[in-house]
Visitor: 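Mind looking over this structure? Questions follow.
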Amino acid sequence: MPFDAETGLHIAAPDTELDARVERLAQLGLGEAAADLDALASELAEAAGTPYAMVNLITDQQFFAGLHTPQGLPNTLGPHDATGGPEVGRVMARDHGYCPEVISRRIPLVLPDVYAAPRFAGNPVVDELGIRVYLGAPLIDEETGIALGTVCAVGTEPRALATARGSLDMIKRFRDQAMVRIYERAGQPRL
């Protein structure tokens, strides 16, 4: 991933799937917050021991169709008043966080301590929200092969590197659960 010396950020590769992703998300009926995906995000946050978890659909922005925060769910699409940590709403700029990297790479990413990975330490979510832990996996559509978004958990307390294998296994399980729920919502259950 190219680096922008002026901003100190990595520059995302062009998203060649963007138009097809937007079309497929619409076909699957995704684009609004969903109680079942919020529930999945809450289950993930609990399993991961993190304050935040998301089912993130990526278009020209990141949209959290499933969201868990320590403050509860926001009533709006933007940031809301935080009472127990950084503000997180239903949308986030595409250049923030690690999910765009995950859909570009098309493989899970586990960062027990983002500071230990200089490539990922310089990200607005580290500076603005204090994120130190990231676990994410791409949601790849079986029919089209398109990466629709991610399922992820993030936290503000770093973890030992020894937690990475267990975290990887867990985020893959939640990726699979998210895809099952997405297909069920669309009336396209998978075996």
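Note that this is a predicted model, so its numbers are computed, not measured.
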Visitor: Got Leu148 and Ile146 here, is their nearest side-chain heavy-atom distance under 4.5 Å?
Guide: yes
Visitor: Decide yes or no for Val55 and Arg181: does some side-chain heavy atom of the first lie under 4.5 Å from some side-chain heavy atom of the second?
Guide: no
Visitor: Does Met92 form a side chain to side chain contact (heavy atoms under 4.5 Å, CB included) with Phe64? I'd like the steps, not just the answer.
Guide: CA-CA 8 Å; Met92 187 166 68; Phe64 306 132; 3.9 Å; yes
Visitor: With clusters defined by side-chain heavy atoms of hydrophobic residues (ILVMFWY) lying less than 4.5 Å apart, directly or transitively, does Phe63 cluster with Met179?
Guide: yes
Visitor: Hey, does Leu109 have a side-chain heavy atom less than 4.5 Å from the side chain of Phe120?
Guide: yes
Visitor: So do Leu57 and Arg21 actually touch side chain to side chain, heavy atoms under 4.5 Å?
Guide: no
Visitor: Answer yes or no: is there an ion pair linking Arg94 with Asp60, defined by an N-O contact shorter than 4.0 Å?
Guide: no
Visitor: Which residue is it: Asp19, Thr144, Asp141? I am looking for the one with a side chain to side chain donor-acceptor pair (under 3.5 Å) to Arg24.
Guide: Asp141
Visitor: What I'd like to find out is whether the side chain of Val91 reaches to under 4.5 Å of the side chain of Gln62, using heavy atoms alone.
Guide: no
Visitor: Please name the pair of heavy atoms, one in Thr50 and one in Arg159, separated by the smallest distance, quoted to 0.1 Å.
Guide: CG2-NH2, 3.2 Å
Visitor: Answer yes or no: is there a side-chain heavy-atom contact under 4.5 Å between Val151 and Asn56?
Guide: no
Visitor: Roughly how far, to the nearest 0.5 Å, is the OH atom of Tyr98 from the CD1 atom of Ile131?
Guide: 8.0 Å
Visitor: Between Leu28 and Gln188, does a side chain to side chain contact (heavy atoms under 4.5 Å, CB included) hold up when you go through it step by step?
Guide: CA-CA 9 Å; Leu28 291 168; Gln188 301 175 13; 3.7 Å; yes
Visitor: Shortest non-hydrogen contact from Ala160 to Pro112?
Guide: O-CB, 3.7 Å
Visitor: Is there a path of hydrophobic side-chain contacts, each under 4.5 Å between heavy atoms of I/L/V/M/F/W/Y residues, joining Tyr183 to Leu25?
Guide: yes
Visitor: Where is the tightest heavy-atom contact between Leu168 and Pro108, given as atom of each residue plus distance?
Guide: CD1-CB, 3.5 Å
Visitor: Using 4.0 Å as the upper bound for N to carboxylate O, is an ion pair formed by Glu101 and Arg106?
Guide: no
Visitor: So do the side chains of Pro51 and Thr69 get within less than 4.5 Å of each other, counting heavy atoms only?
Guide: no
Visitor: Counting C-beta onward and ignoring hydrogens, is there a side-chain heavy-atom pair between Leu111 and Val133 closer than 4.5 Å?
Guide: no
Visitor: Dump the intermediate steps for side chain to side chain contact (heavy atoms under 4.5 Å, CB included) on Leu44 and Leu135, then the final yes or no.
Guide: CA-CA 10 Å; Leu44 172 56; Leu135 320 169; 5.7 Å; no
Visitor: Assess the residue pair Thr59 and Leu18 against the criterion (side chain to side chain contact (heavy atoms under 4.5 Å, CB included)); give the C-alpha distance rounded to whole Å, side-chain angles, the decisive distance to 0.1 Å, and a yes or no.
Guide: CA-CA 6 Å; Thr59 58; Leu18 179 59; 4.3 Å; yes
Visitor: When you compare the side chains of Tyr134 and Asp113, does any donor N or O come within less than 3.5 Å of an acceptor on the partner?
Guide: no
Visitor: What pair of heavy atoms forms the shortest contact from Val110 to Ser167, and how long is it?
Guide: CG1-CB, 3.9 Å
Visitor: Distance-only criterion, 3.5 Å: show the donor-acceptor pairs between side-chain atoms of residues 169-178 and protein atoms not counting sequence neighbours.
Guide:
{"residue": "Asp169", "atom": "OD1", "partner": "Arg165", "partner atom": "NH1", "Å": "3.3"}

Visitor: Would you say CD of Glu46 has more than 12 non-hydrogen atoms from neighbouring residues, nucleotides or ligands within 6.0 angstrom?
Guide: no
Visitor: Is Tyr115 linked to Val154 within one hydrophobic cluster, defined over Ile, Leu, Val, Met, Phe, Trp and Tyr using a side-chain heavy-atom separation of less than 4.5 Å?
Guide: yes
Visitor: Looking at OG of Ser42 and CG of Leu37, how far apart are the two atoms once the value is rounded to the nearest 0.5 Å?
Guide: 11.0 Å
